[in-house]
J.: 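Before I ask anything, here is the structure I am working with.
Chain letters run A, B, ... following the sequence lines, proteins first and then strands; every chain starts at 1. From a predicted model like this one, the values you see are computed outputs, not experimental measurements.
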Amino acid sequence: MIYTIIGLYILGSFTGFIGRKISYSMAIIASAFSFIAGFEAKFMGNTLSAVFSFLPNITVGINIDGLSGLFLMIAAISWTAVSIFSLDFGNHYRKRMAVFLNLSMLGMFLILTAYDALTFLSGWEIMTIASYFLITEHEGAYKEAFQFLAFGELSTIALILAFVGLNASDGSFVLIKADSNSVVFLVFASLAFIIKMGIVPFHTWLKEAHSKAPSNASALLSAPVTLMGVYGLARVINITGYTHVWGLLAIILGSVSAFWGAMEAAAAKGLKVLPAYSTVENNGMILAALGLSAVAYSFSTKSTLYEFAFLTAVVLSITHTIAKTLLFLSIGQAKEQLHAENIDNVRGIHKSVGKIPALGILISGLSFSAFPALLGYVAEWMLLESIFQSYQFSSILDRVVSLTGGVLLSLAMGFASFSMIKLIGYSALGYHHEKKAEPMPTFFMNVAELFLIAMIFGISFFASDLFLGLGYSKFVIGALGIPQGWLLASAEPVFGVISPAFFVLVITALSVVPFLIYFRSKLTTKKVASWNGGLALKEEEYFTANAFSFTIEHILRFVYMTKERTNKNRSYVAISDVFESFYKQIVTFIKKISYSVSRFVMNGKVYFYILYILIMFILIFVVFG
Amino acid sequence: MKSWALYGITRKLTEPFKKLEENTGKMDKIFRRSLNIYPIDVGNNGDLNFEMAALAAPQYNIHRFGIFFADSPRHADVLLVLGRCSEKMVGPLKETVNQLPKPFNIIIVEDGTDFGISARDLSLPNVIAYYDKKLEAGEILSVLLNITGDKK
């Protein structure tokens with residue numbers, strides 16, 4: 001099975017030079033096989049393994065255990081959808097896009113199934129470099145791609161240092177069933193994965209790269225690639241065990257990141273900048289849940305909180321991967337067909353592009369704003385329940401940190417709802433501009449979107465089965481008139497309960513009434529354009545998405561650094577991310593230093609070079625002589 | 001006409017007004033106590049605007065009959081087209097008619113000048129009364145009372 005999957009991905013990347021469709025079909029088959037492999041490993045307990053000795057003391061290979069299998073399944077859903085989407089979407093790009101898409105998935109497969117650090121690192125590099133080339137497929141995205149590569153390599157360096165630490169502590173590079181207390185490994189591995197997840201001080205590459213890349217690449221970068229960071233952290237916890245300080249730091253970083261990402265998403269103007277910041281927010285939530293799990297474990301293993309918090313992180317990852325893939329794919333289709341970059345310019349996707357992409361944006365957006373009956377609701381309920389249970393902690397530091405984190409996370413959820421309403425209201429729904437969408441084959445795009453929509457509803461409906469499958473039968477109960485196995489509890493003894501399946505049923509049943517009223521009144525309602533003194537509305541007279549979020553931008557002007565700028569007699573409001581200006585200053589500083597150093601070293605004088613050679617010659621003699 | 005129903009006032013403050021004895025179409029009886037009118041000036045010479053202003057003033061005080069000026073055609077029952085239509089106002093006039101909720105009616109009052117297009121030639125729907133001469137405030141009021149069937 002493992003060889004089949006790897007072989008299919010490699011074959012897919014080679015056939016990319018012949019035909020796009022064959023290559024993408026290979027990716028679909030390989031992704032489906034990955035899902036099956038993950039399913040077998042997680043639920044059937046069949047650990048797939050192919051390990052062989054590479055050098056004395058070094059074994060390399062691939063091993064799918066339960067944890068790998070779980071994340072492999074989550075990622076495979078996204079890979080399958082992206083590959084199906086690319087069957088139609090890829091026609092507008094060069095053939096090599098198919099090659100790099102396959103390679104990127106292969107890299108991620110290697111990361112998820114790596115038995116040892118060397119396989120992990122090679123997978124990491126294959127993924128990073130293939131993703132770099134995927135971003136450059138968008139014309140003029142070299143700067144963003146380079147930024148992505150710079151941060152990617154930074155995380156690679158951190159990873160190498162981490163694995164050196166791991167080897168120093170237990171003398172091997174094996175990751176599966178390893179046990180180490182190395183602080184170096186913990187610190188550098190966490191740093192590497194945090195950079196990949198786009199946690200706040202390291203999130204600037206994410207916004208730039210995700211918003212510039214072609215949409216299928218954005219979906220791949222935003223959902224599965226950041227999932228690699230989550231898997232990495234889960235693996236690190238698996239190796240080093242829970243650490244109290246790590247947990248506290250994770251809560252702080254995660255909640256700040258969630259708050260910052262959601263806040264910037266609320267004010268974002270670009271069509272793909274908003275989902276990119278939403279990724280920062282979601283990954284922050286996942287990190288905070290992992291941190292809470294670590295803190296709870298250090299507090300007491302008798303409480304079920306640490307298990308529930310870890311489960312929260314898993315469910316959040318599932319939600320984020322599926323919904324974010326759907327969001328990027330739907331937005332990508334609209335963006336490609338309308339040739340627009342801003343939220344305002346794609347108004348009325350349901351009319352101009354189609355009902356299915358509009359539904360995709362609607363469902364994924366509602367899932368991110370925790371609308372009941374959708375998967376995001378289950379995940380965010382779990383996160384809040386975990387935070388509420390931090391009342392158990394006896395240490396005052398734990399209490400303060402988890403509560404402050406909880407406040408920031410709740411604010412983040414509010415901002416996320418605001419930003420998603422802005423995105424849904426102005427892109428999927430909203431006034432229609434009479435823009436004509438460029439006709440293109442959309443069958444496979446719609447298939448991918450419908451597949452993910454069904455996933456969001458389906459997993460929400462069968463959430464209790466998911467809990468049981470993951471081995472957390474203690475959180476599935478029956479009470480309050482709901483039969484056994486359909487109610488989720490957040491602790492044992494029961495602390496809070498919810499039944500997503502019943503939410504789906506009740507909301508479906510209740511939504512019949514408003515729909516009936518809507519369709520009845522549609523027959524008798526006269527529809528006219530907005531009243532503007534008898535004149536037609538001009539383009540700039542609409543209430544825009546910028547105007548919608550301007551209130552927040554003005555109230556929080558000290559955070560957003562809101563400024564009014566004038567360009568060619570047209571004024572507009574501009575906001576900026578503080579961290580971006582920080583990185584800009586670093587870049588200018590380094591440019592200055594390198595310029596002055598190069599002026600000093602390469603000054604064009606012959607005697608200087610001769611002096612340099614002489615000194616080096618003497619140095620080499622002294623050192624090695 | 002009823003006297004102003006205020007305690008302690010024995011004298012009529014409002015003036016008796018000139019009635020227009022011409023046959024007009026009739027609107028539904030439900031508008032007898034509440035009629036919202038939206039006047040649109042499509043190019044009259046200004047006289048009719050003064051007459052409209054006088055309608056709301058104490059001399060005529062149309063509110064006592066339940067007649068009100070609406071702020072938007074979307075809230076109006078009757079569209080009052082004032083003057084002969086200038087070329088640029090044809091589009092806005094048609095859009096205004098489009099915005100009226102059903103059932104609605106249109107009254108056209110021209111000012112007797114030769115400029116512009118007669119609103120009658122624009123084939124507007126549901127025209128209930130048409131005058132090609134200038135009407136005074138009292139006459140406009142009596143037209144409004146006539147169409148609702150309120151003969152006082």
Side-chain angles (χ1 to χ4, degrees), chain A residues 338 344-353 355 358 421-422 424-437 513-551 569-570, chain B residues 27-28 30-31 36-44 48-49 52 68-110 116-119 121-127:
Chain A
L338 291 171
D344 268 329
N345 298 341
V346 294
R347 280 198 308 258
I349 287 178
H350 69 293
K351 266 193 182 165
S352 56
V353 180
K355 298 271 188 258
I421 287 164
K422 177 175 156 181
I424 297 167
Y426 281 95
S427 62
L429 313 173
Y431 287 115
H432 175 46
H433 310 234
E434 310 296 331
K435 256 193 185 175
K436 288 277 177 291
V513 179
F515 268 106
L516 277 181
I517 293 172
Y518 171 73
F519 284 118
R520 262 184 70 85
S521 65
K522 215 179 166 185
L523 300 174
T524 53
T525 308
K526 185 178 178 183
K527 275 205 168 178
V528 288
S530 300
W531 172 243
N532 188 29
L535 301 170
L537 273 177
K538 284 181 204 154
E539 196 50 48
E540 67 264 22
E541 282 169 344
Y542 280 95
F543 189 69
T544 59
N546 300 354
F548 181 75
S549 58
F550 176 71
T551 327
N569 294 331
R570 278 184 72 99
Chain B
M27 286 186 80
D28 197 305
I30 56 165
F31 294 113
N36 282 273
I37 55 173
Y38 184 80
I40 178 169
D41 172 8
V42 292
N44 78 77
L48 284 166
N49 293 352
M52 294 314 294
F68 303 96
F69 288 111
D71 288 333
S72 154
R74 288 179 176 197
H75 307 153
D77 307 314
V78 167
L79 182 70
L80 204 52
V81 182
L82 304 177
R84 284 170 75 91
C85 197
S86 73
E87 257 176 56
K88 279 197 173 177
M89 280 303 281
V90 174
L93 175 60
K94 291 207 162 163
E95 176 58 26
T96 312
V97 173
N98 182 34
Q99 298 266 350
L100 287 164
K102 283 174 187 171
F104 67 88
N105 283 96
I106 297 176
I107 299 173
I108 301 169
V109 183
E110 290 176 1
I117 311 153
S118 171
D121 302 338
L122 295 173
S123 63
L124 299 178
N126 301 352
V127 177

J.: For atom CG of Asp71(B), decide whether the heavy atoms of other residues, nucleotides or ligands shown that lie under 6.0 angstrom number more than 12.
T.: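 At most 12 heavy atoms, drawn from other residues, nucleotides or ligands, come within 6.0 Å of this atom.
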J.: Working to the nearest 0.5 angstrom, can you tell me the gap between Lys102(B) NZ and Thr524(A) OG1?
T.: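 That separation rounds to 11.5 Å.
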J.: For a quick test of reading the model, state the closest non-hydrogen atom pair linking Thr96(B) to Gly534(A) and the distance between them.
T.: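 It is OG1-CA, 4.4 Å.
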J.: Quick one: do Asn98(B) and Lys526(A) satisfy side chain to side chain contact (heavy atoms under 4.5 Å, CB included)? Show the steps, please.
T.: CA-CA 10 Å; Asn98(B) 182 34; Lys526(A) 185 178 178 183; 4.0 Å; yes
J.: Can you name the nearest heavy-atom pair linking Gly533(A) to Pro92(B), along with the distance?
T.: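 Smallest heavy-atom distance, with atoms named: O-CB, 4.3 Å.
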J.: Working to the nearest 0.5 Å, report the span between OG of Ser530(A) and CD of Gln99(B).
T.: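 These two atoms lie 8.0 Å from each other.
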